[in-house]
Amino acid sequence: MQKIIRIGTRDSQLAMWQAKKVQKLLEELGHQTQLIPVKATGDLVLDKPLYELGITGIFTKNLDIAMLNDDIDIAVHSMKDVPTVLPEGIIQAAVLKRANYNDILLLKDNEEFMAQPNGVIATGSLRRKAQWLNRYPTHTVEGLRGNVNTRLQKLEDNDWNGAIFAAAGLERVGLRPKGAVNLSWMIPAPAQGAIMITALEENEEIKEICAELNDKDTEICTGIEREFLNRLEGGCTAPIGALAFINEKEEEINFKGILLSRDGKKKIEVSKKVKVGKHKYVAKDCANYVIDKGGKLIMMEDEGIEKQFSIYSTKKLSEAQKKLLPTHMSVQDSDFIKIRFNRIAPKVVKEEIEHVIITSKNGVEALLNSFTSDELQFKNIYCVGRRTKKLIEQRIGKVTHSERNAKKLSEYLSKELKGQEVTYFCSNLRLETLPLILKANEIAVNEVEAYKTMYSPAKVDEKVNGVLFYSPSTVESYMEKNTADKIAFCIGDSTANEAKKHFKEVQIAKMPTVESVLELVNLHFVKE
């Protein structure tokens, strides 16, 4: 029986149009499909400009979660909304042939206001605002959020001279007015006008199908633009524009990029032409030019004006993870627990072990610290967490079954292994949940202490608004030196249950990943 391809999309009019276009192309190739609308954070919070929300991927996160949860097979995005670094396990599977990449101005009356000092236009884009103010410094720019129809209605209802839109969005849903002014001088957002399809990296069948829809020229040009954005470390919180296009007659790629201060007073532009096939370093060279001209200083000055909230992570965050947080948020971090691997006796793995339980990546690393993968003769491996599973299958062997938390795993094993024995490689500090449930269901648990978890708390400033926790141990460590007068953002139920013993307000991430905890933080402070 042919697999039905489940297409995830936002449920706005434009997003549905884009998803239906992909659906039509797939069905023309003979594939069966199903559209699955998913509500996005960017559609839910309409009272603040995108750059104030500061969430990288605000329109894509919920689709990422749906894909990782196996609710959809592919996701269809406006490519300009997609972060330049995709979540682990998700890849760009295709990009369709690009539509109109320009920005356009919809007028309330006529163009005469442009020559006047008191013009008023509306946009929710920091990039458009900065470029407009750079060209018309005495004008006023009002915020404009919502889907296409909502923004058009706001233009009608307000006393503005005009509003700026992406041409492609209005054209796709048949709403571009005849009198719209093409802003050819305004450099668009990287990948504006393009539609991206994402899929799971491990899904080879879906990747092959999507490859049939890919437009190579668009892939090259949007790839250059997005690399330029990534190298400048910008997102929806910095005014950055980029455009690459192919001059087929000359067989060359033309690129131009721009970075501005948020008020439009400072501007750095760059342009470059290279032959097709010689474009590997275009984005890097142009980004370096902008940085050398003071680009980093411009962004740092802008970031310094907004630090409304402060959070503390009880685990060190990577630079990529920190970029998922808004610029108006101060971020501090340190490791509140330290891990020390134990020396595991050789006799433990001398014979094949039929049933093995590993509940964390630390357990995997501890085993490999004592033995080579060849020495680990495990018939069935059961684990907790998608990333633990991935590490096990990369370093040790196939996972028989995994669950998102220890409770769910113990419930599964209670049904499957009643009357049998399991070997549980754990820490000196571990929850009682799993062994208690297993023993209650007549499963013998052979616990092997593979590593030690040691507390390493730091004193957290009283001005911090929220603390991020990733295990019950991080909560216990935090409480040794701090008070529970803040918001606790927790990676899962077990961590949250420990936090609830101390904190009045506890929030739980949708998925057991650091990125999901960061998304939880974003959503909370967006609502403030």
Side-chain angles (χ1 to χ4, degrees), residues 13-14 17-18 21 50 78-81 96-116 119-156 158 160-195 215 217-218 221-222 224-225 228-229 239-249 253-260 264 267 269-271 273:
Q13 182 184 8
L14 176 58
W17 184 95
Q18 293 175 163
K21 178 179 177 66
L50 280 180
S78 292
M79 197 174 187
K80 69 181 178 63
D81 295 332
L96 306 190
K97 185 176 178 61
R98 195 178 205 167
N100 189 340
Y101 50 69
N102 285 312
D103 291 305
I104 55 175
L105 176 67
L106 272 58
L107 296 168
K108 199 71 174 287
D109 296 309
N110 55 53
E111 299 178 48
E112 291 181 5
F113 81 95
M114 293 187 190
Q116 303 302 319
V120 180
I121 63 105
T123 176
S125 161
L126 189 60
R127 172 190 57 82
R128 292 170 183 153
K129 177 182 178 180
Q131 289 189 76
W132 188 270
L133 289 175
N134 180 262
R135 193 177 182 92
Y136 304 102
T138 63
H139 282 190
T140 299
V141 180
E142 298 288 347
L144 181 61
R145 289 289 318 284
N147 59 38
V148 169
N149 291 297
T150 301
R151 283 181 284 150
L152 288 171
Q153 188 60 49
K154 286 182 179 179
L155 175 59
E156 183 69 25
N158 284 277
W160 302 328
N161 296 115
I164 306 174
F165 290 76
L170 292 179
E171 290 168 0
R172 282 167 177 161
V173 295
L175 292 175
R176 174 171 176 159
K178 289 183 179 179
V181 178
N182 186 35
L183 301 177
S184 58
W185 55 267
M186 184 173 282
I187 299 178
Q192 185 161 300
I195 296 172
D215 182 77
D217 286 354
T218 304
C221 291
T222 55
I224 292 170
E225 295 163 19
F228 175 76
L229 175 65
I240 296 171
L243 175 65
F245 61 91
I246 296 176
N247 182 331
E248 294 183 2
K249 184 179 180 181
I253 294 175
N254 291 8
F255 176 80
K256 52 185 177 180
I258 190 170
L259 168 70
L260 303 99
K267 177 179 72 173
E269 291 183 286
V270 62
S271 61
K273 295 181 181 180

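The first residue of the sequence shown is numbered 1, and numbering continues consecutively from there. Hydrogens, waters and symmetry mates are skipped; everything else that's a heavy atom, side chains included, is used.
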Taking all non-hydrogen atoms of both residues, which atom of [X] and which atom of [Y] are closest, and how far apart?
| X | Y | value |
| --- | --- | --- |
| Ala194 | Thr222 | CB-CG2, 4.0 Å |
| Gly241 | Pro190 | CA-CD, 4.4 Å |
| Pro188 | Tyr101 | CB-O, 3.2 Å |

Can you measure from [atom1] ([X]) to [atom2] ([Y]) and round to the nearest 0.5 angstrom?
| X | Y | atom1 | atom2 | value |
| --- | --- | --- | --- | --- |
| Leu96 | Asp215 | CG | CG | 8.0 Å |
| Ile240 | Glu225 | CD1 | CD | 12.5 Å |
| Asn161 | Ile121 | CG | CD1 | 9.0 Å |
| Leu243 | Lys256 | CG | NZ | 5.5 Å |
| Arg172 | Leu170 | CZ | CG | 11.0 Å |
| Ile195 | Leu14 | CD1 | CG | 8.0 Å |

Does [X] have any side-chain contact (heavy atoms from CB on, under 4.5 Å) partners at least two apart in sequence or in another chain, and if so, which?
| X | answer |
| --- | --- |
| Asn134 | Leu260, Lys267 |
| Ala189 | Lys80, Arg127, Gln192 |
| Ile253 | Ile220, Ile224, Ala244, Ile246, Val274, Val276, His279 |
| Glu142 | Val120, Ala122, Thr140, Trp160 |

Would you confirm whether Ser125, through its side chain, and Arg128, through its main-chain N or O, come within 3.5 Å as a donor-acceptor pair? yes

Check whether Gln131 reaches the backbone of Ile187 with its side chain - one donor and one acceptor, N or O, closer than 3.5 Å. yes

When Ile164, Ile258, Asn102 are each screened for side-chain contact (heavy atoms from CB on, under 4.5 Å) with Met186, the one that passes is Ile164

Donor-acceptor contacts under 3.5 Å from residues 104-111 side chains, at least two apart:
| from | atom 1 | to | atom 2 | distance (Å) |
| --- | --- | --- | --- | --- |
| Lys108 | NZ | Leu155 | O | 3.0 |
| Lys108 | NZ | Asn158 | O | 2.3 |
| Asn110 | OD1 | Glu112 | N | 3.0 |

For Tyr136, ring pair (Phe, Tyr, Trp, His ring centres under 6.0 Å) partners two or more places apart: Trp132, His139

Is there side-chain contact between Lys129 and Pro239, with at least one heavy-atom pair below 4.5 Å?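 They are not in contact (no side-chain heavy atoms under 4.5 Å apart), so the answer is no.
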
Does Asn149 reach the side chain of Leu175, with side-chain heavy atoms less than 4.5 Å apart? yes

